[in-house]
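Working notes for the structure below.
All values below come from the heavy atoms of this structure, side chains included, with hydrogens, waters and symmetry mates left out.
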Amino acid sequence: QVHLVESGGGAVQAGGSLRLSCAASGYTDCMGWFRQAPGKEREGIAALYTSSDSPYYADSVKGRFTISQNAARNTLFLQMNTLKADDTAMYYCAADCTGGHLLYESSWRTWGQGTQVTVSS
């Protein structure tokens, strides 16, 4: 089981951009990003298998967010553009998927501590 450390969160105005990073302590065959706003369930927003660069996106972020990984396949990124107030949430990195749909919370075993993103309108 890998250890995950997220970074890159912060406060930004609507329309702005942020880039999140997630460093994994070892190999994992899949990594993803989830977010949870106050009073809401955790939402899967982007994920990929580290053996390929084919991403999965939630409709809520498609066209605005881009998931990617470094050449060593041990750091995950989330480039977030055209941010909206509705994107305000704690963002979590996930690893060690179980074989289910990558945007389902139940498909992951390992979670980072989270990084806060706040978008002001």
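Pairing each heavy atom of A58 with each of G44, the nearest pair is CB-O, 3.4 Å. Nearest approach of G114 to Y92, heavy atoms of both residues: CA-CD2, 3.6 Å. Smallest separation of non-hydrogen atoms from G32 and W108: N-CH2, 3.6 Å. Across A89 and A37, no two heavy atoms sit closer than the pair CB-N, 3.8 Å.
Between the OH atom in Y49 and the SG atom in C97 there is a gap of 5.0 Å [rounded to 0.5 Å]. In this structure, OG in S21 is found 13.0 Å from CD in Q69, a value given to the nearest 0.5 Å. Separating the CD atom in Q36 from the CD atom in E105 is a distance of 7.0 Å, to the nearest 0.5 Å. To the nearest 0.5 angstrom, R73 atom CZ is 7.0 Å from S51 atom OG. With rounding to the nearest 0.5 angstrom, the OH atom of Y56 is 5.5 Å from the CG atom of L102. Note: M90 CE to E6 CD = 9.0 Å, rounded to the nearest 0.5 Å.
Put simply, the side chain of S107 gets close to the backbone of H101: a donor and an acceptor are under 3.5 Å apart. Under a 3.5 Å cut-off, the side chain of R64 and the backbone N or O of T82 do form a donor-acceptor pair. Checked by atom type and distance alone, the side chain of T118 never pairs as donor or acceptor with a backbone atom of A11 at under 3.5 Å. Side-chain atoms of D96 never come within 3.5 Å of backbone atoms of T110 as a donor-acceptor pair (strictly under, hydrogens ignored).
Other residues sharing the hydrophobic cluster of I67, ordered by chain and number and joined by side-chain separations under 4.5 Å: V2, L4, V12, L18, L20, M31, W33, I45, L48, Y57, V61, F65, L76, L78, M80, L83, Y91, V117, V119.
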| query | Where do Y104 and R42 land on the side chain to side chain contact (heavy atoms under 4.5 Å, CB included) test, with the steps shown first? | reply | CA-CA 9 Å; Y104 292 170; R42 193 170 294 191; over 6 Å; no
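Among residues at least two apart or in separate chains, salt bridge (charged side-chain N to carboxylate O under 4.0 Å, His left out) pairs with a member in residues 23-35 are R35-E43, R35-D87.
For S17, the side chain to side chain donor-acceptor pair (under 3.5 Å) partners at least two apart in sequence or on another chain are N81.
In this structure, R19 satisfies the cation-pi test against F77, with its NZ or CZ atom closer than 6.0 Å to the six-membered ring centre and inside 45 degrees of the ring normal.
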